[in-house]
2 protein chains.
Amino acid sequence: MTGPVGIREVAARAQVSVGTVSNVLNKPELVSARTLELVQATMDELGFVRNDLARQLRMGGGTTLGMIVLNVANPFWAELAHACEAAAETHGHTVIFGSSDQLDGREDRYIDLFEEQRVRGMLIAPLDGATERMNRLTRRGMPLVLFDIHAADGDVCSVALDGDVGGYLAVKHLLDTGRRRVAFLGGPLHQVEDRWKGALRAIDEVDGATLTHFDTADQTIADGRAMGDLIAGLPGDSRPDAIFGANDLLALGAMQSLVLADGVHVPRDIAIVGYDDIDYAASAIVPLTTIHQPREALATEAVRLVLDHAANGGVHEHEHLLLPPRLIVRASTAR
Amino acid sequence: MTGPVGIREVAARAQVSVGTVSNVLNKPELVSARTLELVQATMDELGFVRNDLARQLRMGGGTTLGMIVLNVANPFWAELAHACEAAAETHGHTVIFGSSDQLDGREDRYIDLFEEQRVRGMLIAPLDGATERMNRLTRRGMPLVLFDIHAADGDVCSVALDGDVGGYLAVKHLLDTGRRRVAFLGGPLHQVEDRWKGALRAIDEVDGATLTHFDTADQTIADGRAMGDLIAGLPGDSRPDAIFGANDLLALGAMQSLVLADGVHVPRDIAIVGYDDIDYAASAIVPLTTIHQPREALATEAVRLVLDHAANGGVHEHEHLLLPPRLIVRASTAR
DNA sequence: AGTCACTTTTGAAACGATTCACGATCCCCT
DNA sequence: AGGGGATCGTGAATCGTTTCAAAAGTGACT
C-alpha cells in the first residue's frame, strides 16, 4: 500500500521539479518531448490522480457550475438538466445539481452549498422570481442565470422561453383546424400567465372563439386526468372541442381520461395540444401535438451567459433572452 | 468592493486568532459564549462564506459522493438518484451525478472526474457488471457500491433488487388471476435475466402455463408500443392473455397500443404487469399493476454501505444486499 | 503566594496543486 | 570565443482552511 501520490512524489521519482510536473499537466507545450514522456510514464507507474480540490483552491474557484431545478420528477427539468450538463462539458465545466422540490428551504440550502463550493456560477429555476437573496448574490459578483422567468428588471441574466408566443401558436393551431371552444388546463395561473395571455391573443383574432380556464393545483398527470374526467362529463353542446394543456403532463392526463370515455374520440371530438414536448409526448396513446421548447438552445445559452459573466465580470451586460418555441403537430390535433 | 473575505479577515476584524474562528465554525463548544457571539457577528458583517474547497483539501477529501446512473431519462433512475441525494443528506454528504447514457466512455470519464474531485465514495449503476477499472478502484481503497447487479464474486459491495423474486411475484399473480399464456417483454435478455428466470419459475408451477419471450432492443415506451402492436395483431387463440413487462415503460407502451386496438380490452382480454413502479404507473390509462422496487431502502442501504466503507476501511466487509420487491396490484390485472 | 486542574486562545505547520521570476542550457552567428 | 535568443526547468510562495501542541487565563484550595 503506497502512500498518497501527489505531484511531489511524481517529481521526486522522475527527478524533476514539481513545477515541471505541473507544466506537464497544464502546459505541455512548454515541456521538452523527452521530459514530457518521462513524467507521464512516471505518473502512470505511480497511479497519479490530480487533486482537483487543491487545483481549484489555488486557481480561485473552479470549473464547476451549480444548477437548481424545480423538480427532477418532471421530465422537462430532468431533460433540461441533462442538456445543461452537456453544454457545460463542451466548455470543460462540471455541473452539480440540486432539486428544490418547490420548497423555499431547499432552494436556499443549495445556494449556500454552491457558494461554499465556490462554483463558477449558478443556473437557477426559481420558485418565485428573483429573490432578494439572488440579487445579493449577483451584487457580490456571482454569475447567475435564471430560467424561465422574465426578470427584465432585476439585475441578473435570464433565459426564458416565450410562453406568450407558445400559447399563441398552440391555440392558433387549434383554431386553424376548425376548433372554436378551447379549454385551457393549468395552474396556478401566475405560473403560466404568459401561455394564457398568448392563448387569449389567438382567440381574440377569431370571431366566436372562446377560451375557458380550468384551474389545477399542480401540473401532474393526475391533475390532467381529473380535468379530463370533468370535461368528458360536460353536456355535448357546452363541452370544449379542444384542450390546451399548460404542460404535457396535464395534456397527457386529460388525453388518457378522454380516450377511455364513451363517445369521445381524440382528435375527432376533442383535439389536444400540450406544452414542453417531453419524450413521452411522441409516444402517447395518440401522439401529442405540443409546443417544443428548445431545451438544447436554452441550455447552451444559459451556460454561455453564465460563463461570459464569469469571464468578463467587468464588462458583462445582463441579457434577457427570450427563445421562440415551436409547434410540433402530431395526431392529437388532426382534423 | 471589499476583497475576498476569508477566515483571516474575520480573525483580524474580530481581534482573535484564525484558530478561534475555525473553532467557531467547527467546534463551537470549545469557544466561550462571548467570543462565539463576537466572531459570528463579525462573519455576518463581512459576509463571510466558508471555502469548502480549502476545507476539503485540508481534511483530505470530502463529504461528497459520486453517483453514476444509467440513464436519467428513465424515471426509475431519476427517482433513485433523488432518493440517494436525500439519504446522503441525512449523513451530511452531498452527491454529484453523472449519467452514463449507456456509453462506456462516459462511465469512465465520470469515474475519472470523481476521482479527481476526491469523492468519499461512488455509487455506480454499471453498464455491464464490475469492470476491471472498478475492481482497481476498490483495491486502491475507494469505497464503491454497485447497483442492481449481483457482484457476489467481485470484491465490491453491491445493492440489488431481487429480480428473480420480482419476476416470480409478477407472473404468479397473473396465473392466480387465471391467465395462462404469458408474454415476457424485454431485452437485452442478459440485462433482465433474473426477472425472466423468476417468471419461468412461477410458470413451471402451473400445468399448461406458457411463457413467451418478446425481445426488445431498448426499454422505452416506444419499444413497448411496438410489441403491443405485434401482440394485438396475433390471432386470437395464439395471442397471450397476459403481458409481463420487464419495466414499466415497456408495459405502459404495450398498454397504450392494446387499449387502442379494436376488440382488445385491458385487463379483460389481456392483463398487464410492469416493473419498477415509476410514478406514472399509477396514473396510466388503466392503472398499472407492477412490482414496486423499494427505492428509498435501496438508496439508504447503498449510502450506508459506502459511508461505512469510507469510515472503517480496514474492517469493512463487502456486503451484497438483495432487497425484496413487492407486488402492487392495480386495475390492469383485475379479473 | 504557590499549585493544580481546567477552560480558552494562539499561531505556525500542514493539505496538494499552480505560478512566476529566475537560472541553466543549448544553438547559431559573427 | 563570446554574445544573444530561445527554450526548459526550478523551487519558494501562495490559495483558505484545519489541526494541535503549547501558552495563557481562571478559580479554587492549600
Side-chain angles (χ1 to χ4, degrees), chain A residues 2-40 42-43 46-64 92 112-120 140, chain B residues 2-40 42-43 46-64 92 112-113 115-120:
Chain A
T2 61
V5 347
I7 207 178
R8 276 190 251 275
E9 283 66 35
V10 175
R13 191 84 146 89
Q15 313 246 45
V16 297
S17 74
V18 296
T20 301
V21 178
S22 174
N23 281 336
V24 168
L25 250 23
N26 305 299
K27 305 174 184 166
E29 73 279 8
L30 293 186
V31 178
S32 71
R34 193 167 54 255
T35 331
L36 190 78
E37 200 171 344
L38 167 64
V39 173
Q40 280 172 338
T42 312
M43 285 180 171
L46 264 44
F48 168 79
V49 176
R50 175 219 243 112
N51 186 329
D52 204 49
L53 296 173
R55 173 192 169 81
Q56 294 196 176
L57 170 60
R58 182 63 237 257
M59 307 220 308
T63 55
T64 303
D112 284 344
L113 189 69
F114 291 164
E115 253 192 305
E116 291 191 351
Q117 304 266 20
R118 293 295 189 274
V119 296
R120 197 87 188 283
R140 278 207 259 127
Chain B
T2 60
V5 347
I7 209 178
R8 274 192 252 275
E9 283 67 33
V10 175
R13 189 85 146 90
Q15 313 244 46
V16 298
S17 75
V18 295
T20 301
V21 177
S22 174
N23 281 337
V24 168
L25 250 22
N26 305 300
K27 304 172 182 165
E29 73 280 7
L30 292 186
V31 178
S32 71
R34 194 167 53 252
T35 328
L36 189 79
E37 200 172 343
L38 167 65
V39 172
Q40 280 171 338
T42 313
M43 284 180 171
L46 264 44
F48 168 78
V49 177
R50 175 218 245 115
N51 187 328
D52 204 50
L53 296 173
R55 173 192 170 81
Q56 294 197 174
L57 170 59
R58 181 62 236 252
M59 306 217 310
T63 54
T64 302
D112 285 343
L113 190 68
E115 254 193 303
E116 292 192 349
Q117 303 267 20
R118 292 296 190 273
V119 296
R120 196 87 188 282

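Lettering follows sequence order; numbering is per chain, from 1. The structure displayed is predicted, hence computed values, not measured ones.
When DNA chain C is scanned in the 5' to 3' direction for atoms under 4.0 Å from non-hydrogen atoms of chain B, the outermost contacting nucleotides are C:dT8 to C:dG16.
Under the side-chain hydrogen bond (donor to acceptor under 3.5 Å, both in side chains) criterion, the residue pairs touching residues 5-19 of chain B are B:Arg13-B:Glu45, B:Ser17-B:Thr20, with sequence neighbours excluded.
One axis for each end of the helix from C:dA1-D:dT30 to C:dT30-D:dA1, each built from five base pairs, and the angle between them comes to 60° at 10° resolution.
Side-chain contact between B:Leu38 and B:Arg34 is absent, with no heavy-atom pair separated by less than 4.5 Å. Annotation: side chain of A:Leu57 is not in contact with side chain of A:Arg118 (no heavy-atom distance under 4.5 Å).
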_Protein-to-nucleotide contact annotation, 5' to 3' order, nucleotides 7-16 of chain D [B base; S sugar-phosphate only; - none; under 4.0 Å, heavy atom]_ = -SSBBBBBBB
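The side chain to side chain donor-acceptor pair (under 3.5 Å) test applied to A:Ser32 returns A:Thr35, not counting sequence neighbours. B:Glu115 pairs by the side chain to side chain donor-acceptor pair (under 3.5 Å) definition with B:Arg140, not counting sequence neighbours. In terms of the side chain to side chain contact (heavy atoms under 4.5 Å, CB included) criterion, residue partners of A:Arg50 (sequence neighbours excluded) are, by chain and number, A:Leu25, A:Asn26, A:Phe48, A:Asp52, A:Arg55, B:Glu116. When the side chain to side chain contact (heavy atoms under 4.5 Å, CB included) test is applied to B:Leu30, the partners found at least two apart in sequence or on another chain are B:Lys27.
Minimum heavy-atom separation, B:Val10 to B:Thr42: O-CG2, 3.9 Å. Shown here for A:Pro28 and A:Val24, the closest heavy-atom pair between the two residues is CG-O, 3.7 Å.
Between atom OG1 of residue A:Thr64 and atom CZ of residue A:Arg120 there is a gap of 10.0 Å, rounded to the nearest 0.5 Å.
Partner A:Val31 forms a side-chain contact (heavy atoms from CB on, under 4.5 Å) with one of A:Val16, A:Val21, A:Asn23 and no other, that one being A:Asn23.
Remark: side-chain polar atoms of B:Ser22 are not paired, donor with acceptor, to backbone N or O of B:Val18 under 3.5 angstrom.
Using a 4.0 Å heavy-atom distance criterion, B:Asp52 is classed as making no nucleic acid contact.
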Can you name the atoms? Protein N/O to nucleotides 21-23 of chain D N/O, anything below 3.5 Å, with the distance.
none

